[in-house]
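Since the structure comes first, as structure tokens, the remarks are kept for the end.
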Amino acid sequence: MKKLQILTIFVLFFSVLQAQKFTVSGYVKDAQTGESAIGANVYIEELMQGTTTNTYGYYALHLPKGKYTLVVSYLGYKEFKKSIDLNKNLKINVELQPISYTAEAVEIVAEKEDENTTDTKMGTAKLDIEKVKTLPAIFGEVDVLKTVQLLPGVQSAGEGNAGFYVRGGGPDQNLILLDEAVVYNASHLFGFFSVFNADAIKNVTMIKGGMPAQYGGRLASVLDIQMNEGNMKETKVSGGIGLIASRVTVQGPIKKDTASFIVSARRTYIGELAQPFIKETSPFKGSNYYFYDLNMKMNYILSDKNRLFVSGYFGRDVFTFNNKDDGFKMTTPWGNATLSTRWNHLFNDKLFMNVTGIFSRYDFSVGITQDQFEFKLFSGINDFSFKSDFTYYPSILHNIKFGVHYTYHIFVPSNATAKAGEVEFNTGEIMKNYANEMAAYIQDEWTISEKFKVNAGIRFSGFQHIGPFKRFIKNQSGLTTDTITYNRWETVKFYKGLEPRISARYQINGKSSIKAAFTKNNQYIHLASLSSVSLPTDIWVPSSDVVKPQIGYQYSIGYFRNFKENTFETSVELYYKDMKNQIAYKDGALPENTIGDNVDNSFTFGKGWSYGAEFFLKKRYGKFNGWAGYTLSFTKRQFDDINDGEWYYAKYDRRHDVSLTLSYEQSKRITFGAVFVYATGNTLTLPVARYFLNGYVVNEYGKRNSYRMAPYHRLDLSVTYKGKEHKKYQSSWTFSVYNVYNRYNPYFIYFANKGNAYDGTLQIQAKQVSLFGIIPSITWNFKF
Amino acid sequence: MKKLNLISLFILLATIIGCTKDITVDLPQAEQKIVVEGSMEQGQPPVILLSKSIGYFESTDLNTLQNLYIKNATVTLNDGTSTVTLDKICTSTLPDSTLQAIAPLVGIDYESLRNIDICIYTSFTMLGEIGKTYTLTVNADGKTVTSTAKIPALIRPNYYFWKPQPGFDDYGYLWFNLTDPPKLGDNYRIFVKRKGVDNSFVPVLGSVYNDDFSNDLTFDFYVARGHLPNDTTSADVEGTEFYFKRNDTLIIKFCTIDRGVYEFYRTFEQEVFNNGNPFASPTTIKTNIDGGLGVWACYGASYDTLIVSD
């Protein structure tokens with residue numbers, strides 16, 4: 001049988017020139033909602049060769065004339081099978097019937113569900129949103145970003161932190177895309193929640209190694225998120241009411257099977273709920289906090305060959321602090337906005353094009369008023385992008401992607417205005433930085449033989465920092481001695497880079513394979529973070545005459561094996577990463593240093609490297625499913641100006657990282673979920689000595705990050721209870737308990753001093769602050 | 001689309017336990033360094049206190065504290081043309097009345113000064129002069145540390161004034177009107193002594209300023225009242241800790257300092273203020289002492305008096 005297959009491929013291969021070939025192509029969709037299916041397997045049963053649908057659900061297979069069986073399989077859907085007689089180009093649009101995750105689903109195991117071992121992709125994981133929703137979540141707020149952090153190699157930055165670290169990379173080295181628009185700050189409320197409202201999201205893909213050439217601009221990872229397109233068949237309303245937030249989503253056809261829309265909104269009421277508990281006399285009276293999100297998308301099938309999408313996100317956090325007694329008032333709003341417009345066009349069955357126009361914005365500001373003083377600090381980034389991406393299907397053995405990307409960046413690193421009555425302080429000009437970022441890429445996923453498959457690509461990237469710009473030249477004592485002025489459009493600095501990417505798979509047998517990948521990535525924009533947690537005040541800065549682009553090389557190798565008809569997926573991946581031109585603040589730098597100065601004047605540069613091993617086990621089907629991951633890793637940094645030039649462990653160096661995610665479907669109506677995590681504690685720089693000066697006791701700090709906090713571990717449980725299915729509506733309750741055994745995980749450590757140093761009564765006590773103990777919560781979800 | 005007929009519900013079950021607990025941490029042994037606490041202003045003798053740093057968790061009973069102060073140092077001061085060796089005066093040899101007088105000079109309160117023996121290095125043959133740069137050299141325990149600081153030219157505010165804060169009749173900040181000289185690079189440190197209340201000059205809250213934003217401008221600015229560590233001299237009315245009170249007599253010491261002294265006090269006060277705040281990156285105090293810790297501060301001081309009234 002096998003020989004026959006090989007023979008078939010051989011025949012195929014060598015008859016490329018002779019045989020008459022035709023294309024079978026089309027779109028794959030969900031039959032109930034009309035949502036396109038991303039990454040569905042489309043293959044020819046006789047050849048066991050095929051492809052996956054692209055982001056828009058499109059597939060194309062170019063084959064010699066003949067009779068075949070076309071199979072489309074997609075997790076969570078009934079398999080589609082159809083005999084085709086390929087004697088002309090065929091257009092087959094497939095509508096897949098969803099199946100609920102019940103015990104019955106076990107039987108419908110598609111044979112081709114072995115992407116884990118057959119694909120060239122390494123370090124890539126796709127999240128199933130419906131499953132994510134059954135997992136326990138803090139305050140019951142389902143969060144895809146938190147779930148992504150349960151994958152091996154992806155580390156949570158700790159409680160109260162939505163930033164994540166991938167294979168030893170910093171939070172700014174993750175490319176987060178929402179419908180192709182870059183999201184610069186993916187967190188609400190200092191990181192307790194991500195900006196992604198799970199109701200509005202269809203697909204989440206995490207790429208931590210072997211990044212294909214179509215992505216670029218970041219060293220560590222890509223988190224590619226697609227929003228729902230909206231139901232093409234009928235109008236639906238769904239939503240949920242939770243402890244701290246409520247959500248509502250409305251979607252439906254504008255014109256049946258042709259155009260649809262979806263609008264999803266979410267708002268918290270933490271601040272309002274807290275109001276009655278704040279005493280009249282409390283200094284916090286009049287303070288409030290809330291955030292809201294709005295996702296919307298429209299799509300319109302113009303014709304067989306043309307389709308239009310418009311999608312947008314708008315979210316904002318608002319924190320106000322009012323102290324009437326003192327005449328003190330502070331407002332800090334921050335948030336993201338994105339807008340993408342996409343046009344899909346089929347030139348012919350084999351050439352698919354997508355053109356995207358994107359606007360993305362992140363801004364943060366603090367306004368403080370006291371008496372006649374007014375102080376305003378603001379920072380942000382605005383992007384205008386244009387992308388044109390092509391997919392070309394020349395034969396069943398090749399899948400070629402190529403395209404060009406362009407972005408015009410406007411950066412506003414910390415700027416301030418200050419007024420005292422009538423006198424305006426000279427806080428420097430509002431300093432913006434302007435840059436052009438561009439890239440062109442081509443890649444081919446090539447099935448060389450049945451055993452050997454390669455995805456090879458190259459990306460050419462460029463970055464041009466342009467005027468208007470002012471460079472302040474500083475002397476040793478930090479005073480400006482000279483200023484260089486660049487005019488509009490004048491080039492301050494131009495960087496370019498060639499980024500080869502290759503990943504290959506060697507199939508040992510039907511159940512196991514070995515994969516290896518090498519990637520080189522350039523990163524031209526950087527996030528400078530002063531503190532140990534990611535705050536909205538962290539600012540994005542471009543590469544400039546002072547800041548060189550970050551360059552990363554990653555080498556990885558993995559062994560992948562499936563068991564029991566692909567029910568179990570396992571893998572072991574090893575990686576080594578080398579990072580050049582890493583950025584850190586100089587010792588003792590303070591946020592206000594950047595006002596009226598080039599922010600990069602407070603930076604210092606060094607290098608980083610990281611290596612580790614990731615173990616992954618996943619059970620995909622059955623009443624009982626879930627995954628377990630373990631990561632062993634080492635992450636180091638070396639800066640000439642920090643720690644006397646010696647290398648040190650990065651603050652997110654994490655020796656051991658374990659995560660366990662389980663879900664058990666007891667019946668059609670009751671599903672249990674559990675999450676367990678364990679992580680080595682974060683590193684810290686602590687004082688090693690103290691001395692007396694001017695009557696104070698002050699600290700001398702020790703080696704950078706030489707201390708480690710206690711390990712982090714936690715168990716969460718949840719149960720989802722679905723109400724009886726009504727014709728008109730459905731509802732479900734999710735009860736979850738976060739941190740079941742009430743572990744006080746370290747959030748930060750500080751030292752409390754008591755007594756007088758000069759009479760010998762001074763006592764110093766180290767104190768550890770934890771954020772959340774046990775938190776039970778309940779959420780009610782509805783759909784009609 | 002049908003109307004939803006069962007909204008209006010949710011149950012709140014939050015047990016948010018923000019928790020702080022005591023922990024023990026193991027820290028590595030640190031090298032002991034010489035700590036310089038020195039100052040001089042125009043027309044005044046230098047006052048230098050020398051001590052050593054101590055392991056972070058090491059106990060500080062009186063005995064340890066005694067031993068931290070250096071009593072066997074050789075200290076010299078050079079003003080660019082001549083060098084003098086400073087004299088040593090130890091508190092154990094002084095009568096109580098003198099102790100009381102020098103307490104403000106060394107920045108340690110009188111009671112504490114009686115408990116421990118501290119040696120002050122000084123010289124009445126070299127008094128501070130405006131425009132001169134002074135190099136301090138300390139030899140102790142086989143180590144040598146040095147530092148250089150300048151007494152800059154005097155700059156004096158045009159006038160001082162006071163006004164009550166909104167919501168108060170008798171409390172408010174101290175205001176001044178300053179014309180910053182045209183050349184960039186002026187640095188200031190401000191002290192206030194309330195006559196009959198404070199025993200010494202107290203640095204105001206956030207006591208150092210530079211002219212990065214205010215160069216060559218004439219402007220009104222305010223300062224908030226500072227506090228000495230372990231300050232128990234006056235019981236303030238709650239909510240007025242940072243204000244000056246109507247009818248107080250304020251003696252204001254407005255000093256010019258060089259950049260090194262500015263940088264030291266900026267980071268020093270930041271560290272005192274942060275006190276290990278985990279959200280701030282650890283502030284390495286920018287000392288102007290080569291090979292040691294602490295500060296050698298030279299001041300160009302101008303004195304004024306303001307009686308607090310509208």
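In what follows, chains carry the letters A, B, and so on, assigned in the order in which the sequence lines appear, proteins first and then strands, with residues in each chain numbered from 1.
- Contact check for Val35(B) versus Phe692(A): no side-chain heavy atoms found under the 4.5 Å cut-off.
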Start with the C-alpha gap between Glu37(B) and Tyr691(A), add the side-chain angles, then the distance that decides, and say whether side chain to side chain donor-acceptor pair (under 3.5 Å) holds.
CA-CA 11 Å; Glu37(B) 186 175 348; Tyr691(A) 52 99; over 6 Å; no
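- Checked against ring pair (Phe, Tyr, Trp, His ring centres under 6.0 Å), Tyr265(B) has the following partners two or more places apart in sequence or in another chain: Phe268(B).
- To the nearest 0.5 angstrom, Thr287(B) atom OG1 is 10.0 Å from Glu700(A) atom CD.
- By the ring pair (Phe, Tyr, Trp, His ring centres under 6.0 Å) test, Phe735(A) pairs with no residue at all, sequence neighbours left out.
- Looking at every heavy atom in both residues, Gly55(B) comes nearest to Arg690(A) through O-NE, 3.8 Å.
- Minimum interatomic distance between Val295(B) and Leu693(A) (heavy atoms only, all atoms of both residues): CG1-CD2, 4.4 Å.
- The number of heavy-atom neighbours closer than 6.0 Å to NZ of Lys150(B), taken from other residues, nucleotides and ligands shown, is 12 or below.
- Rounding to the nearest 0.5 Å gives a distance of 11.5 Å between CG of Asn699(A) and OG of Ser53(B).
- Side chains of Tyr696(A) and Glu269(B): no donor on one and acceptor on the other come within 3.5 Å.
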